[in-house]
Each structure stands twice: as C-alpha cells, then as structure tokens.
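Worksheet for the structure shown next.
What you see is a predicted model; the values in this text were computed from it and never measured. In what follows, chains carry the letters A, B, and so on, assigned in the order in which the sequence lines appear, proteins first and then strands, with residues in each chain numbered from 1.
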Amino acid sequence: MKSAVIIFPGSNCDRDMDVALKKFGFKNQMIWHNDMEIPKSDLIVLPGGFSYGDYLRCGSIAGKSKIIKSVLEFANSGGLVLGICNGFQILTETGLLPGVLLQNKYQKFICKNVHVKINDKENKYFKNIKKEVLELHIAHNEGNYFCSDDELKSLINNNQIAITYCNENGKEADSYNPNGALSNIAGIFNKNKNILGMMPHPERVIDKSLSSDDGNFFFENLIENFK
Amino acid sequence: MNEVNEQIAIDHGLKKEEFNKICDLLKRTPNLTELGIFSAMWNEHCSYKSSRLHLKKLNTKGKKVIQGPGENAGVIDIEDDDAIVFKIESHNHPSFIEPYQGAATGVGGIMRDVFTMGARPIANLNSIHFGSPQHPKTKNLLRGVVKGIGGYGNCMGIPTVGGQTSFDDSYNGNILVNAMTLGLVNKNKIFYSKAAGVNKPVIYVGSKTGRDGIHGASMASAIFDDKIEEKKPTVQVGDPFTEKLLLEACLELMAGKSIISIQDMGAAGLTSSSIEMASKGNLGIELNLNKVPCREEKMTPYEIMLSESQERMLIVLENGKETEAKKIFDKWNLDFAVIGKTTNSKKIELFFDNNKVAEIPINILTENAPIYDRKWKKTKLPQKIKFNKDDFKKFKTAEVLKKILSLPNICSKEWIWQQYDHTVMGDTIQKPGSDSGVIRVHGTNKAVATSVDSSAVYCYAHPLTGGKQVVCESWRNLISCGSRPIAITNCLNFGNPEKEKNMGEFVECVEGINEASKFLDYPVVSGNVSFYNETKDKGIKPTPAIGGVGLIKDYKKMITMDLKKDNNLILVVGKTEGHLDQSIFAINILNEKKGPPPEVNLFNEKNNGETILKLMEEGLINSAHDVSLGGIITALSKMAIKGKKGFKLNKLKVLINKFDYYFGEDQGRYIIEIEGKNLSKVEKILKDNSVHYDDIGLVTKNEIIIDKEPILHIDDLIKSNMSWLKDYIDK
C-alpha cells in the first residue's frame, strides 16, 4: 500500500504521520509542496501544522499551492485523501469538503485527548473497525466546524458526518465538544466518502506509552481495507 | 554628523566612566554607530559585567558534559552518540511591556540558540512568574504570555512539555518569562560559533532586518519607570512560521559540510553575532551593510547593527559553497546574502555606501568590556519562629488541605498547558502537570526527563539555602520519574545589582546553586542572567530558575506520579522534622512570613535520591512524587488527583504535631506507592542505605480518610485543585 504525505512550508505533523503510516505497513513518500506531480499512491495525506504560517486564513494559501492541482485530480478520480487538522482546513479551503473551521469557541488553542464516535462505516476509512468510540487527541486553535443549514442537511442525508465528539460511552453533549463545532462534528467525508477531513490526530496516539493507543485501530483498519 | 558626546553615551545606558574608557581604548571619540555597538556589547545583558566574577565559580564540568557555558547552549552526552543541547533564557522586560510578542520571541530566541548548534528542538519548557492575582495588570499579562508562548511553540511544532507558574506581589511591576528548549543532536555533528580561516564568506540568512528591537538588549539592562509604555517599539515581533522555515533550512544545510561556524542573531542582533564569531576565532570581520536584506527603507548602519529583528542567522561558510547553500535557502523562501568576510585584522570593520562607518578592535569590545566586583551584603539566616501549636487546634486537616490545593501557587495549571501543544512530534510520554516532562529520544528506547523549578520565597528568606534548595528540587523532580539527573541550565532573575542587598542575593544564590550542583554532580552547562528586574525602586524576589535534564535508559521503566492501585502502601522516604517556617501553611494559613527556609542536607538529598533510583531499578515503585510546597499531604493529594484515587492515612506513629508533619516542607523527601508484597524488599533497601522512611497509609478507591475527620471524596480535592485558575481567568 502506497501513501504520500504532502509537506507544505509550516507543516509540522508530517514526520509524525510518516512514522505512523510506516508503522502500520504503508510505503510512504514525502512530497514537497512545490512538486507538480504526486507519485502513484493509494492514499494522500495532508498533515497537520501551520501551512504557510496559516496567514490570511488557516489552510487558505496551501489550498492554492502548486501541488494542490494534483491532489484535486487524484481526489476527483476517487483516490483516498485524508486531511488531519490543518489538512482538514486545507480540504475545506479547496472546496473538496464543505464548510469552514472557525476559531475555537473559547478562543484558545486546545491540546488534549477527546473521544469521538464513528458515525458511518460504509467507507474505506472505518469499514470493519472494531470500535464505536475512539480516544484520539486534538491540538488546534481553529477546529470549530461550521457550515450552512443546507450543507448540514446534505451532510446528514448523505451520511457524510464521519466522527463526532462524545464521551467515552459515545454520548454526545456540549460538554464533550471541545471547540463549539456544529453538531459536534470532528470529521466529515465528501459525498463519495473517498475524502476524509478530521481535526483529531490519530497519528499521535499509536502506542501505549502515549496518551492513548486508539490510533492503532484507525491505521490498522485503514491498511486492512486496502488489501 | 555623528557627533557623539558624554550625554549621548549616557542616553545609551553607558556610565560616564565607561564612555571615558571607550575613548581611551579607541584613542578617539567613537562615532554614533560605534557608540551603538559599544552600548550593545557593554550592557549587562551581553557583557555579564556584574555577574561574570561570580559565574566563573560555577561547577560546569562533568563526565557527561560535552559543552559547558560560553556557547549558544550547553551540550550533554546521553549515550550512543546522542547528545542533548539545552538552555534557558529570560525575556522578562519585553514580556511586561508587550506580553504576547515578548513571550513569543523569548521562545523563538531560545529555540534558535539550540538549533544553531545543529540540534533539532524536541521540547520546550517555561518558568513564568506574575504579580498578585489581584493586581490590575496580572490577568492580561498572564493571558498574553500564555498565548505568546503557545503561539510560537505550537506553530514551530515543538511540544511544550513542562513549566512552572507562580504569583507573588514582588512581580507586580516586573513579570518573569523564562523559556527553555532541549534539542537532540548527534554528538559528532555539533556546530559552534567559533569562526576559523581568513577570507571566508559571511552569510546572512532568514528574515529581513527591520527597525524592531533596536536597543532591546539595553532595555533588558534598565530598570522600569513610569514611561515604560514608551519602550513598546523596542519589543521585537516574532514570526514562528519564518523560524520554522529557518530551522528546516539550517538543518538541511548542516547535513552537508559547508558550515564553518554559525550564530543566531539574538540580543544585540548583527552586532553581537558577528563580534562573537570573530572573537572566538581570534579573527577580524568585515561587513558591507548595504548587502544586509532590509525590510524598511533608508535604514542607517546604526539601525542595521542594533536591530533585533527575529529569525535571522549569521553563518561563516567554506569558500565556494555559496551557491549550494543559497539553493537551500531559496527552497525555503528565505533571504540569503553574502554580507562580508572574515579577515585577519582582528577588528570589526563596517562599510556603507562605500564609506567605512565603523572600525573597532574586537578585543576592546569583548575582553576589555567592563567587569565589576560589586559590593554585596550577606543575608543572615532568620530566627526560627516559635509557632504556638495550640493555635492549630482550630484547624481541620482536610479543610486546610482543600484551601491549600486551591491556592494560586499550588492549584492545577491545566488551563495554561492545555494551550500548549505538548504532544506534537509523537514522543511525549509524560505531559505537563507532572514532576517532569518526559519525551522519548525518537526511534530509541531512551527518554529524556526535564523540568524547571524555582523557589523565590526560600531564596528571599535566605539566598544561600534557597540556591541549594532549587537545585535539589530539580534533582528530585527528575528522579521522581525514574531518570538519572545529568545537568542543569540556570536563569538567574534578580533585582538591581547596584544595590548591595540585591547583589548579595545574587552572590549567595549562585553560591548555593554551586554547592548543590557540585555535591550532586549536577553541573551547570548553560544559562543566562537577568538583572534590573525592578520598577520604581521595588525589586523582585530573587528567582533563580533551574532547568534540569535527566536520562531514562528504558522508557518503559518510566515512573509517573498518579496513584495506581487500591490497597497499595504509601511511604514517605526521607526524614520529616516538620519545618513550617516559609511553608505554604505558615504563609497562607497562619499568615506568618518570617523565619528560615527549610534546611538543605546535601548528603541526605543525594543518598535519598540514589536510593529511590535503586528501588525503581528493582521495579519496586508503582508511583512516586517529590515532596515540595505544601508538604506531604499536598504532594500525596496531587498523586491522588492524577490517579483519581483516594488515600487513607494511618494514625501518626511519630511524635510530631500533625500539622507540622503533614504540611512541613523539609527537603529531600519523596512519596512512593508500593505493593504490600514488596514491603520487606523495599524496607531492606531503604535500611541498607540508611534512608529514613515512614509508612503513612494506603491507596483507596476514591475516599480521603484522615483520622476521625469527615471522609472526603477525591472529587472534592479535584474540584479544589482545578477551579481557581479557570475561575480567575473567566471572571
């Protein structure tokens, strides 16, 4: 299974993602933002960080970078594109995913473990995953997902809401929503469910010594679904 | 033009005698650019003129020391060719004037010091001190500083794994912001600032030079008055995005063999970096200031030399490597300019518009810089307070405990560290809020533990004892998580050195630090001095901050402080005498601020620590925590809070007043949790090493049981501990 992680200037979770993908058996390559082409891959990952300093708006400049044209082509032809944190922000900026990520409701950066409920398993990312609730980790200042009423309706009708913030038992409530995201949304798909954007970082929770190892479920399952 | 006289020199922060000395050494009056250079090099911040005599005495050598003080940062050996580069530095003055930028650029500056040496930063820490919570400025300063630290470190993608926050009236007019960074480097690939060889190109890389920060270093050497707001323009503005690019570009260039020496432009910018490189290499340096990339128009040589614009580096390259190097900086979209060359003149020579605008022999700026043996006054050990124990009868232990857990200096600082990305890089295995932050050495079984400590209250009461104590506390924090302490970095924050009392506090704290550092074989490898933390004649309490680094050979053996299992035994290791003077209990509950700090017995400190490590190596310890502010019961409560467990305390077996025992702050103590079946093994090791211990109770599911007092639930303690800071900020 081949994966490619795009490095933008200011990306800072690129190495962590590389480590995680390789740990679970992906043959990963790192791709520089100024490259025009992406080598043949099964999965493209837009990692977390502060691409182009997040100037203007989070992810907006990355959304116009040279490499993005190839990402769009790949995504539009059905290729799997995963955007984590800043990667999710970039995906909304390119229009591959609807909505925007606003500043956290309490106006500050939040770094902590959160629980998320998997809402849909009819897709390559979560099909066959053995858990309903994962303990993942967030670290962001702009993770407050927002979209129009129509867009939200469409997300719901098409089962595009991938994961939602909840407690360890899968219960959703404002108190488990760390950033004020609409409908507790932590991650969404596009209509075809080949594109996934999510705020939590599965790559930071991949071993018992870290704050959780539920990222293992995510990556193990992901590579299994490719086989 | 460029008429310089005594008054102009004084306006630059120089003393009359210093100006005369400059004229004598130059055998002429300096021009304005030259005067600017002198003022930058001879101020306290860069020249260490008041502290140098005393810093020389510090214990800086050890088997694990690769590089001691004098470089951009210290370097220690952590085996297998791995080395840790680390340093702590103050950014106090700018942070008070402009908290966000001041704190942010403090973090940026210390990271540059570390990656200048070829190390990739792997952890940040900070020690921040604010005035009384009731002071009208405190809340905004706290918000701004925390945001600034997070804003810079988070964007760089370096985890902030630990720190310390305190509140005290003495910081009302002078907050302290000390930032520390650790980096990882192959010990055979360390880069130094010493230039070598003549006619080597001098390269400027990074951000463009602007007018920000001019005289920043001089400001750091001045006391504040009513007009401090006017100093805002001298605060530098940070851009972590550029620094991230600079980091990656520098490390990419360092992977090759083209760099002779490299130095970041920190305090006093281009002036101190160029002079430092030439001075260390015993060379001269020639710069064409027209070649310096500037972001503002019509900048003068004076401004270019004194700008403290951030995210800039100076590099001496091997001849012929310019194109190769430029390619890397082009890739990262950073400025790259050949601005001069090394010479054999042993002078700094500056050219602008084809004129020579400055010419100063380097040694005049460095070796001949003033050095003062300032007068200082010894602080007498205060008389011990005779507490009337009958007064204690009105207290309930549990109520006092709840109050202590909610005090600003004891309560949970989660509101702060949750704003710092502490997990990026994927190797943080012990996060903030613990004794130490612990990060794995990427791709190995090793981990590095690190903490930062200070005890201004003890240092103020008796600087010599306080100096010793803070080193010991650092040592204990590292041991508590199962690491072997290796070395320290210190940030010495003091008042006005021209006052005998303040100078005395400095001298005696340094002496205390030195004594403990020698005895514990815990050398000082880097550091920084910040004097003149004084506003309108009121100085801060002496606040030396000690950053420690230790090694865990197998990270799977790391110990954490959270209580683990019901019915496990709780032991206090180290002798409890019940020293209440200067304790949280005395100050905050009894309102008694006099008396000596707890005595430091270095022999016991070392023996107790070494014995704890032995117990850990044998796998006999389930959790451990050092005993510090608030005494045994506060330490134990923090372990309980972390583990969401309770504890039951036995009836005291010792003949000490209960409050003395539970709240006394005697040094050299740890609380450990062990399994009942291991008790005899643990006792044997403790007895064999002549270490005193008390078996004080056991772990419960969630109840806090103290004598016959009403039973508390752990949630009560959690609530007491977690609420204060959040409520304070939200109000």
Legend entry - Heavy-atom side-chain proximity of Pro240(B) to Phe50(A) below 4.5 angstrom: no
Legend entry - Per-residue contact mode, Met156(B) against chain A (heavy atom under 4.5 angstrom): backbone
Legend entry - Pairing residues for Ile559(B) by the side chain to side chain contact (heavy atoms under 4.5 Å, CB included) criterion, not counting sequence neighbours: Met616(B), Ile621(B), Ala624(B)
Can you pull out all donor-acceptor pairs below 3.5 Å that join chain A and chain B?
residue: Asn12(A); atom: ND2; partner: Asn154(B); partner atom: O; Å: 3.2
residue: Asn12(A); atom: ND2; partner: Cys155(B); partner atom: O; Å: 3.1
residue: Arg15(A); atom: NH2; partner: Met425(B); partner atom: O; Å: 3.0
residue: Arg15(A); atom: NH2; partner: His442(B); partner atom: ND1; Å: 3.3
residue: Asp16(A); atom: OD2; partner: Met425(B); partner atom: N; Å: 2.8
residue: Tyr55(A); atom: OH; partner: Asp239(B); partner atom: OD1; Å: 2.3
residue: Tyr55(A); atom: OH; partner: Asp239(B); partner atom: OD2; Å: 3.2
residue: Cys111(A); atom: N; partner: Gln418(B); partner atom: O; Å: 2.7
residue: His137(A); atom: NE2; partner: Thr423(B); partner atom: OG1; Å: 2.8
residue: Arg204(A); atom: NH1; partner: Asp421(B); partner atom: OD1; Å: 2.8
residue: Arg204(A); atom: NH1; partner: Asp421(B); partner atom: OD2; Å: 3.2
residue: Arg204(A); atom: NH1; partner: Thr423(B); partner atom: OG1; Å: 2.8
residue: Arg204(A); atom: NH2; partner: Asp421(B); partner atom: OD2; Å: 3.1
residue: Asp207(A); atom: OD2; partner: Arg440(B); partner atom: NH1; Å: 2.5
residue: Asp207(A); atom: OD2; partner: Arg440(B); partner atom: NH2; Å: 3.3

Legend entry - Within 6.0 Å of NZ in Lys27(A), more than 12 heavy atoms from elsewhere: no
Legend entry - Residue, of Cys13(A), Gly49(A), Pro9(A), Ala139(A), that accumulates the most heavy atom pairs under 4.5 Å with chain B: Pro9(A)
Legend entry - Exceeds 12 heavy-atom contacts within 6.0 angstrom, atom CD of Glu73(A): yes
Legend entry - Region of Ile429(B) that comes under 4.5 Å of a non-hydrogen atom in chain A: both
Inset, instruction - Name the region of Val205(A), side chain, backbone, both or neither, that has any atom closer than 4.5 Å to a heavy atom of chain B. - result: neither
